Structures are given as C-alpha cells and as structure tokens.
There are 2 protein chains.
Amino acid sequence: MSDARASRLAVSTVIFALRTDDDGLATLWTPLVRRTRDPHLGQWALPGGWLPSDEELEAAAARTLRSTTGLAPKYLEQLYTFGGVDRSPGDRVISVVYWALVQSDEAERAAVGENVQWFAADDLPALAFDHNAIIGYALWRLRTKMEYARIAHAFLGETFTLAQLREVYEAVLQKPLDPANFRRTIESTGTVAATGERLAGTPHRPPMLYRYDVATNLTDGTFTTRIPPGKPDPIKPHPRMRT
Amino acid sequence: MSDARASRLAVSTVIFALRTDDDGLATLWTPLVRRTRDPHLGQWALPGGWLPSDEELEAAAARTLRSTTGLAPKYLEQLYTFGGVDRSPGDRVISVVYWALVQSDEAERAAVGENVQWFAADDLPALAFDHNAIIGYALWRLRTKMEYARIAHAFLGETFTLAQLREVYEAVLQKPLDPANFRRTIESTGTVAATGERLAGTPHRPPMLYRYDVATNLTDGTFTTRIPPGKPDPIKPHPRMRT
DNA sequence: TCAAAAGTGTTATATGTACACCCATGG
DNA sequence: CCATGGGTGTACATATAACACTTTTGA
C-alpha cells in the first residue's frame with residue numbers, strides 16, 4: 001500500500017526578545033535549535049515538537065519555550081497553522097505555530113549552547129523547512145500588532161520608564177517616535193500607572209517608573225465573543241503612533 | 001494500554017452570506033449541517049471533515065464549502081486552530097477552522113435540505129462541540145476586519161452600486177453609515193472603479209455601477225512578508241468608517 | 001553651570017463627522 | 001411635478017504630528 005501517508009501534528013514557537021547591540025540600538029532576536037535528525041539535519045529550525053495527545057496546544061508552545069530557553073513567555077498567541085502538503089519529506093506535517101515575547105533582560109541570561117543559539121530576527125540564515133517564511137510572517141504580525149495592541153511591556157520587567165517603553169516601540173517598528181507625543185499617547189490609554197518611584201543613577205533628570213496597569217485593561221464590550229475559547233483578552237487597542 | 005489516545009485532524013469552515021429578511025434588513029446567515037454520527041448525533045454543526053493527507057488545508061475548506069452549499073468562496077481565510085483536549089469525546093480532535101464569504105444572491109439559491117440548513121448567525125441554536133464559540137469568534141473577526149480591510153465586495157456580484165456596498169457594511173457592522181461620507185471614503189481608497197454603466201429600473205435617479213478594482217489593490221510595501229506562504233494578499237487597509 | 005534627558009505647552013495639519021443642498025429619475 | 005435616493009459642498013470637531021520650551025539631575 002504505497003499511497004498511505006500519515007499526517008502528524010507539531011507545535012512550534014517563534015520567540016522574540018530585544019537585544020541591545022554594540023552601538024546601543026535595540027533589535028529583535030530569536031532563539032533557534034539545531035536539527036539533530038534527518039530532514040535538514042544540522043540546520044537551524046524553530047523550537048517545537050510533536051503534540052502529545054493529552055497536552056493543550058498553548059501548553060505545548062509554552063513548554064517548548066521553556067525547554068529551549070529556560071524562560072516563561074510574557075506574551076503567547078497562536079500565529080497560524082502551516083500545513084502545506086510538501087513542506088516536509090516523509091509523513092505530512094501540520095504545524096500549529098505560536099509566537100511569544102519574553103522579557104529581554106532575562107533573555108540575555110537565557111540558555112545557549114551547541115544546539116540553541118540566538119539570531120537577529122531580520123537577518124537569518126537559511127533555515128530548515130519553511131521556517132524562514134514562518135518567522136517572516138511572525139515578524140510582520142508582531143510589527144502590525146504593536147501598532148494597535150498593548151504588548152510592548154512584555155519585553156520589559158515589572159517596572160519601566162516611558163523611555164524604555166518607547167525604545168521597545170522604536171526597535172520593533174524600526175522608526176523614531178516623538179518622546180512628547182509618545183508620553184501623551186501612552187498616558188491617554190491608561191495602560192500604565194506611575195509607581196511613585198523614580199529611576200536613579202541616570203546621568204540626567206531621573207525618570208518616573210511605571211507599571212503595566214492590568215486593572216484598566218478591560219475589553220470595550222463592543223462584541224461579546226472576541227477571542228478563541230479559553231483565552232482571555234489581555235489586549236486593548238490604542239491610537240496609532242507615528243514619527 | 002489504556003493511555004494511548006489518538007489525535008485526529010479536521011478542517012471546518014464558517015460560511016457567511018447576507019440575507020434580506022421580510023422588513024428589508026440584511027443580516028448575516030450561515031449554513032450548518034446535521035450530525036449523522038454519534039458525538040452529538042442530530043445536532044447542527046459546522047461543515048467540515050477529516051483532512052486527507054494529500055489535500056491542502058485551504059483546499060479542504062473550499063471543498064467542504066462547495067459540497068455543502070454548491071458555492072465557491074469569494075473570500076477564504078484561516079481563522080484559528082482549535083485543539084482543546086476535551087472538545088470532543090473519544091479521540092482528540094484538532095480542528096483547523098476557516099471562514100468564508102460567499103456571494104449573497106448565489107447563496108439564496110444554494111442547496112438546502114434535511115441535512116443542510118441556513119441560520120441567522122447572531123441567533124443560533126445550541127450546536128455540536130464548541131461550534132457556538134467558534135462561530136462567535138468568526139463573527140467577531142468578520143466585523144473587526146470589515147472595519148479596516150476590503151472584503152465587503154465578496155458578498156456582492158461583479159458589479160454593484162455604492163448603496164449596495166454600503167448596505168453590506170451596515171449589515172455586518174450593525175450601524176447606519178452616512179451615504180455621503182461612505183462614498184468619499186470608498187472612492188479615496190481606489191478599490192472600486194466606475195464601470196460607466198448605471199443601474200436602471202430603480203424608482204429614482206439611476207445609480208452608477210462599480211467594479212472591484214484589483215489593479216490598484218497592491219500591498220503598500222512596508223514589510224516584505226505579511227501573509228502566510230502560498231497566500232496572496234487581497235487586502236489593503238482603509239480608514240475607519242463611523243456613524 | 002552645562003549637557004542631556006524628562007516632561008509640558010502650543011500650533012498646524014490631517015482626518016472624521018454632521019448635515020445642508022442640488023440632481024435625476026419613475027411614477 | 002413631486003417624492004426619493006443619488007451625489008456634491010462645506011463647516012465643525014477631533015486626532016495626530018511637529019517642535020519650542022521649561023525642569024531636573026549628575027558630572
């Protein structure tokens with residue numbers, strides 16, 4: 001029976017963190033794992049694996065993230081399901097792909113080794129399977145969503161200055177933002193709250209520290225069902241930011 | 001070995017068309033099929049089925065749509081993959097769900113029968129599995145995307161008046177739109193082109209007929225990769241429309 | 001006391017909204 | 001010749017962008 005071909009289900013995760021390079025510019029980085037088996041053996045690929053039948057999709061993505069980087073995701077969302085008939089030799093593979101944001105200072109200390117390495121997300125080598133295209137799509141999604149959703153704080157720690165938050169936007173959107181307008185835009189959304197503390201040790205006027213304010217982060221009630229079952233909505237649109 | 005549970009892959013499609021009810025208001029309708037097997041036998045459910053290992057995901061969604069309604073989709077996009085461990089008894093089922101728009105006047109003549117029936121999308125009975133939640137999410141997606149993407153013409157035929165196009169927006173967004181501002185907004189996007197023909201037979205001034213202008217429908221080039229591999233981008237954002 | 005980032009104020013422009021008004025046709 | 005939807009003009013409100021300016025700190 002040569003026409004019997006099995007379909008297998010995999011879960012992979014595109015992980016993003018920010019890393020500040022030598023000249024002080026923050027850019028997007030992503031961890032990849034080296035393939036230790038035959039399709040594309042030795043090439044770099046997205047972290048992931050076969051889906052156990054008793055594990056939730058999102059849990060599998062979070063586990064994958066943890067086992068390759070040692071980190072917990074600060075943001076995790078399903079990206080797309082890739083199922084092209086010829087995307088892998090042998091059995092057909094359908095990959096449910098998630099994308100994740102991790103806290104960047106934690107990512108600096110994250111696991112690396114012979115089989116796990118971080119790459120600049122905008123300048124990747126040739127990867128296994130269709131993974132270059134998948135990461136390209138995840139990048140597009142991150143950049144698009146950053147313009148209307150409140151996800152930037154996922155790259156930062158518990159408290160942060162507005163300059164640090166702006167740096168996240170600038171790194172992801174790849175354009176400078178006016179500090180004055182940025183401040184007003186963010187403050188008007190009510191997503192951040194001043195802690196009362198200031199960040200000391202800067203060479204200049206010490207900036208206020210803010211905290212992501214989850215209390216104000218409610219849905220606007222326009223539609224009842226807006227998010228896939230089982231997934232709370234941590235996101236509220238805010239006005240565009242330009243220049 | 002009682003802990004061996006298989007995972008199976010299914011593809012389902014949420015199909016939308018507009019139907020004008022007795023008092024002349026257009027509303028969203030969706031076709032459902034009656035279950036003829038045991039999990040939830042006799043209940044209404046989304047059209048779909050198991051994924052053949054040699055068929056593309058999108059092709060399976062289009063085939064499903066065709067076999068239940070006899071129609072071809074004018075718009076088809078992946079919605080989400082639902083894989084909750086307990087969403088179905090027996091083997092675990094992972095469903096890759098698509099959503100589709102079909103031409104509404106064709107849908108009026110579409111197949112119906114003992115096992116296929118159209119329902120008002122906002123007023124559904126209790127469906128099999130998690131299908132109420134899935135359709136609710138698809139509705140949210142349709143309404144959200146209608147505000148920034150050019151998909152409304154998928155409900156209409158080759159040519160249409162601006163009043164017909166506006167009726168689509170009003171039905172989906174559930175709010176009246178100012179005819180004057182709607183006209184300018186649509187014209188400024190360049191997505192429609194006047195055919196030169198006018199629609200005769202109305203009791204009043206005959207309106208111009210327009211055609212969806214695919215030529216101007218290019219991506220804006222901000223990012224290179226914006227859409228999953230194999231899927232061209234028929235969509236360009238346009239300004240919001242209110243009131 | 002000075003450089004530089006934090007933070008505030010003000011104005012110009014673009015975009016969205018409301019609505020008055022003219023046009024063209026079938027009845 | 002009139003009721004009605006098609007189609008145009010215009011003024012007002014709000015959102016966004018640009019940038020001058022004041023404040024506060026460490027060096």
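Values reported hereafter were calculated over all heavy atoms of this structure, with side chains retained and with hydrogens, waters and symmetry mates removed. Letters go in sequence order (proteins before strands), and every chain restarts at 1. Predicted model only: the values in this text are computed from it and were never measured.
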> Examine the side chains of B:Ser12 and B:Ser95 and answer whether a donor and an acceptor come within less than 3.5 Å of each other.
no

> Is atom CD of A:Glu197 surrounded by more than 12 heavy atoms (other residues, nucleotides or ligands) closer than 6.0 Å?
no

> From D:dA18, D:dT4, D:dG9, pick the nucleotide closest to the side chain of B:His204?
D:dT4

> Which of the following nucleotides, D:dG7, D:dT10, D:dA18, is nearest to the side chain of B:Pro207?
D:dG7

> I want to confirm an ordering. Mapping B:Thr202 and A:Arg183 to their closest nucleotides on DNA chain C, which one lands closer to the 5' end?
A:Arg183

> Can you identify which nucleotide, out of D:dG6, C:dA24, C:dA18, has its nearest atom closest to the B:Ala163 side chain?
D:dG6

> Base, sugar-phosphate, or nothing: which does A:Ala180 touch, judged by heavy atoms less than 4.0 Å apart?
base

> Out of C:dA18, D:dA18, C:dA6, which has the shortest distance to the side chain of B:Asn181?
C:dA18

> If we ignore angles and hydrogens, is there a donor and acceptor under 3.5 Å between the side chains of B:Tyr75 and B:Glu77?
yes

> Compare the minimum distances between each of C:dA24, C:dA5, C:dG9 and the side chain of A:Arg205, then state the nucleotide with the smallest one.
C:dA5

> Parallel, tilted or perpendicular for B:Phe16 and B:Trp99, by the 30°/60° rule?
perpendicular

> Touch check for B:Pro203, heavy atoms < 4.0 angstrom, all strands: base, sugar-phosphate only, or nothing?
base

